[in-house]
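Residue numbering restarts at 1 for every chain, and letters A, B, ... go by the order of the sequence lines. What you are looking at is a predicted structure, and each value in this text was computed from that prediction instead of being measured.
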Amino acid sequence: MQISMKIDEKLLKPYNPKETEEKIYKLWEESGFFNPLNNPDWVNDKKNNPNFGKSFTILMPPTNANGSLHAGHGLVMTIEDIMTRYKRMRGYKTLWLPGLDHAGFETQVVYEKKLEKEGRSRFGMDRDILYKEILDFTLKNSSNINDQVKRLGSSCDWSRLKFSLDNEIVKRVYETFKKLYKDDLVYRGERIVSWCSKHQTSFSDLEIKDVEQIDNLYYLKYGPFVIATSRPETKFGDKYVVMHPKDIRYKNYTHGEKIDLEWINGSISATIIKDENIDMEFGTGVMTITPWHDTADFEIAEKHKLDKEQIIDEYGKLLPIAGEFAGQHIKKARTLIIEKLKNKNLVEKIDKNYKHIVRVCYKCENIIEPQIKKQWFIKMSAPNKSAPDGASLAQNAIKVIEKGEIKFIPEHYKKITLNWLNDIKDWNISRQIVWGIPIPAKICNTCEHGMEDVENNIKKCEKCGGETRQDTDTFDTWFSSGQWPFATLGYPDNSDFKNFYPTDVMETAGEIIFFWVSRMIMLGLYVTGEIPFKTIYLHGLVLDAKGQKMSKSKGNVIDPLILMDKYGTDAFRMGMIVGNTPGTSLALREDKIKAYKHFANKIWNASRFVLEQIKDLDLNKLSDFDEEDKKSDEELKNLIQEITKEMDEYKFYIVAEKLYHYFWHTFADIIIERSKKKILENKNANSVKILLYTHLITLLKILHPFIPFVTEEIWSIINSRRKVGTPTKTSELLMVEKWPFYAQDKTL
RNA sequence: GCGCGGUUAGCUCAGUUGGUAGAGCAACCCGUUUACACCGGGAAGGUCGUAAGUUCAAGUCUUACACCGCGCACCA
């Protein structure tokens, strides 16, 4: 091959992602094109833009402001940036709005650990001081995570960055709370909640983890009955003994009948209750109930209007009702109680191999102690009397989902969501932590009635006239993030809300379909009357190379920043996207990322070859293709047809693979190799040079959403040449070039 | 118990409306005076979890089962 090799300084070196990426990102950011209201001319040209006037909106799932980038973020940012860049190139006014979440409980837990290390504790700390400390901590870390998001090439509009504690967001959240209160959809109720005795807060049902474990099952003599229990420490106050009404073994006992019997701390009077929820098969078919500390028991007690009594305090210690055991922690008390029962000959037998599920705190894995507490709840399935159709929050969501107004990708999440919504329970939105949005409410000191008080002017209880105090609880983080779409866009008056709501795609982890997605649908409909997004795209987990869930304790956490350093962001992005179908988890393997580093390099080298060959090409005097080249030109057009369709169907995993394959094995291996011969023999050389050039230009465009950095860098080199050579076009960023599907202009 | 995924080449995964199985990586052979060894060419590799059914035709549709993963509800 005797092709001359005088090429640009820049192109002489191998592709260096590290040097390029920072510079390119700055270029993008300074261009202002991340803002959907800034566009290059062709976007605002009706004739030139088939998508003139259309908008496209994605909201970034607000990242935990206190955290650091993990592999999951890598996937989120890659997918969303691909969508954003694609739509931008298609001529949509494209908004990708970045956000940060204060992540209430999550952050508080992190901060508590920090306090612990310093020998401090949040308990006993002044609330305001603690809040301020966590705020400082969070704000300091938030710039960190924003920088990391940038490193991934995210083309989001930083001028619109929102933080969940911004005044305007909090104000919106308060308005929603007020509306819910007015519509009688939120109430401060005495209900049984899941309580963590370490974190001293209640949780929603979703923050609880089920763990299987083996315990003793104790068969205790309870008067004429034998009851089975795994938790003898709760049994002090048990004065109701429950059995199934159809159980013939106990047909001689009648509902409401009282019997006297000897129990842990002396003789008591117990009442017989007949209830159909009792499983006749389990144990002896008889149980006593502890309504204060057991969800099922609570329901039975509610149904029959039975007394409820607290046995265990908020720290897991026994109350005075336990007599001699009062003040002991339940963990220690259990064996002592059994000891005593044995001495009283009240233990029938012990099954030491009882396998059952216990519920634990998802954070600390301590056993959840159900407690009856006054908490704020949102009525999820109760009719909304102030709505014309009276539909509940859940029903409204069900309706739009069933009608297909919200499209689920992958589709099976639709069913999962509907199942959940159909069996939804009231949502506990109050948390007993400092870090979060304070609940704007007053509580009566006399009757504990809770009242919404956003305006802060309630002095007396509206029910009993008693003195009131400020509620010290904060909202569940998901209550505010559930309002993210309309809150960030400035409902109701901001022009962004008018221009960009409902948003087009919500892309997030399948894991948080209930936590977040379902609640956004319900609250979005409730507040704005419209769905918050038209499509919900759910990705799976990012796992380690062996397909194991990453966790600090396992030590298999892969840091995306290290991979990006090593192989470049483009390579990392390709590795995240190729073959990764929505909803399925992805095993993150380093050799895969490495393979795409080679790809970026291949693009670089092919480009430098092409640019060298077309140096003397007069772009204003383009001749026609010969037969062979015409075929290749057609082939690329067909590819674009295909992938454009697939892009619209969110099949990025297949598009990325096709582009990889076409660029490498068609463009480089066939077309470039063929061109060498033609140029050397000077046979239709002009035709093939044009083909090389048009192919490269087009391929850079369609590759750009996937690997934005290397493509933009090459583009800038091409542009700088144009300025020197033939002035075909004003220099522009590849980022805002027109997607070639509609670009049939020959000036390419 | 109910529900949802998955089971395809050594590994990680694609496979659109049913028409004689695909990619990347790894392994194997050959080549390499220049865009690129971060390379080129070539060959190899699968009875698509099991069983039955529908069909001219099933990786793809139906049913049952097995195993793996997940979610929901649970029995004290």
Tell me the interatomic distance from [X], atom [atom1], to [N], atom [atom2], rounded to whole angstroms.
{"X": "A/E657", "N": "B/rC13", "atom1": "CD", "atom2": "P", "result": "14 Å"}
{"X": "A/Y662", "N": "B/rG22", "atom1": "OH", "atom2": "P", "result": "21 Å"}
{"X": "A/F663", "N": "B/rA35", "atom1": "CZ", "atom2": "P", "result": "15 Å"}
{"X": "A/D279", "N": "B/rG1", "atom1": "CG", "atom2": "P", "result": "14 Å"}
{"X": "A/L421", "N": "B/rG3", "atom1": "CG", "atom2": "P", "result": "19 Å"}
{"X": "A/M576", "N": "B/rC25", "atom1": "CE", "atom2": "C1'", "result": "17 Å"}
{"X": "A/I409", "N": "B/rG5", "atom1": "CD1", "atom2": "P", "result": "16 Å"}
{"X": "A/D215", "N": "B/rC75", "atom1": "CG", "atom2": "P", "result": "16 Å"}

[N] to [M] separation - [atom1] atoms, rounded to the nearest Å:
{"N": "B/rA14", "M": "B/rG6", "atom1": "C1'", "value": "14 Å"}
{"N": "B/rC4", "M": "B/rU12", "atom1": "C1'", "value": "23 Å"}
{"N": "B/rU62", "M": "B/rG3", "atom1": "P", "value": "15 Å"}
{"N": "B/rG24", "M": "B/rG31", "atom1": "C1'", "value": "23 Å"}
{"N": "B/rA73", "M": "B/rC56", "atom1": "P", "value": "47 Å"}
{"N": "B/rG53", "M": "B/rA21", "atom1": "P", "value": "23 Å"}
{"N": "B/rG22", "M": "B/rU16", "atom1": "C1'", "value": "14 Å"}
{"N": "B/rC68", "M": "B/rC29", "atom1": "C1'", "value": "38 Å"}

query = So do the side chains of A/Y240 and A/H304 get within less than 4.5 Å of each other, counting heavy atoms only?
reply =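 No - every pair of side-chain heavy atoms lies 4.5 Å or more apart.
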What is the nucleic acid contact for [X], judged by heavy atoms within less than 4.0 Å: base, sugar-phosphate only, or nothing?
{"X": "A/K594", "result": "nothing"}
{"X": "A/T290", "result": "nothing"}
{"X": "A/A587", "result": "sugar-phosphate"}
{"X": "A/Y222", "result": "nothing"}
{"X": "A/A296", "result": "sugar-phosphate"}
{"X": "A/Y660", "result": "sugar-phosphate"}
{"X": "A/K597", "result": "base"}
{"X": "A/H665", "result": "sugar-phosphate"}
{"X": "A/F514", "result": "sugar-phosphate"}
{"X": "A/I357", "result": "base"}
{"X": "A/D669", "result": "sugar-phosphate"}
{"X": "A/K209", "result": "nothing"}
{"X": "A/G283", "result": "nothing"}
{"X": "A/A228", "result": "base"}

Please tell me which of the listed nucleotides, [options], lies nearest to the side chain of [X]?
{"X": "A/R589", "options": "B/rG15, B/rG3, B/rC25", "result": "B/rC25"}
{"X": "A/L206", "options": "B/rC72, B/rC4, B/rA35", "result": "B/rC72"}
{"X": "A/K676", "options": "B/rC4, B/rA76, B/rA35", "result": "B/rA35"}
{"X": "A/T581", "options": "B/rA35, B/rC13, B/rA76", "result": "B/rC13"}
{"X": "A/A595", "options": "B/rA35, B/rC25, B/rA14", "result": "B/rC25"}

query = Stepwise, does the ring-ring contact (aromatic ring centres under 6.0 Å, His included) test hold for A/F706 with A/Y660?
reply = CA-CA 10 Å; A/F706 297 88; A/Y660 174 91; over 10 Å; no
ask   = Taking N and O atoms by type only, does the side chain of A/D591 place a donor or acceptor under 3.5 Å from a partner on the base of B/rC25?
value = no
inquiry  = Test your reading of the model: is there a side-chain donor-acceptor pair from A/D629 to the backbone of A/V688, 3.5 Å cut-off?
reply    = yes
key: Side-chain (A/K308) to main-chain (A/W292) donor-acceptor, under 3.5 angstrom   =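 No.
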[N], OP1 or OP2 - any side-chain N/O from [X] closer than 4.0 Å?
{"X": "A/K592", "N": "B/rU12", "value": "no"}
{"X": "A/H598", "N": "B/rC39", "value": "yes"}
{"X": "A/S230", "N": "B/rA76", "value": "no"}
{"X": "A/Y596", "N": "B/rC38", "value": "no"}
{"X": "A/K651", "N": "B/rU16", "value": "no"}
{"X": "A/W664", "N": "B/rC39", "value": "no"}
{"X": "A/Y653", "N": "B/rG15", "value": "yes"}

query = Which residue lies toward the 5' end of RNA chain B, A/K645 or A/E673, if each is placed at its nearest nucleotide?
reply = A/K645
message = Can you work out whether A/I672 or A/I654 has the more 5'-proximal nearest nucleotide on RNA chain B?
response =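 Result: A/I654.
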message = For a quick test of reading the model, state the closest non-hydrogen atom pair linking A/K678 to A/A685 and the distance between them.
response = O-CB, 4.0 Å
key: Test log, rule side-chain hydrogen bond (donor to acceptor under 3.5 Å, both in side chains), inputs A/D215 and A/S230   = CA-CA 7 Å; A/D215 278 314; A/S230 60; 5.9 Å; no
query = Run the side-chain hydrogen bond (donor to acceptor under 3.5 Å, both in side chains) check on A/E635 and A/S632 step by step: do they pass?
reply = CA-CA 5 Å; A/E635 203 185 335; A/S632 293; 4.8 Å; no
Relative to each other, are the rings of [X] and [Y] parallel, tilted or perpendicular (30° and 60° limits)?
{"X": "A/Y650", "Y": "A/F652", "value": "perpendicular"}
{"X": "A/H356", "Y": "A/Y354", "value": "tilted"}
{"X": "A/Y362", "Y": "A/F203", "value": "perpendicular"}

request  = Taking Watson-Crick and G-U wobble pairs with both distances under 3.5 Å, convert RNA chain B into its dot-bracket string, 5' to 3', dots for unpaired and | for cross-strand pairs.
outcome  = (((((((..((((.....[..))))..((((.......))))......(((((..]....))))))))))))....
query = Is the closest side-chain donor-acceptor distance between A/Y86 and A/D648 under 3.5 Å?
reply =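 Yes - a donor-acceptor pair under 3.5 Å links their side chains.
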inquiry  = How about CD on A/E681, more than 12 heavy atoms from neighbouring residues, nucleotides or ligands closer than 6.0 Å, or not?
reply    =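 More than 12 within 6.0 Å, yes.
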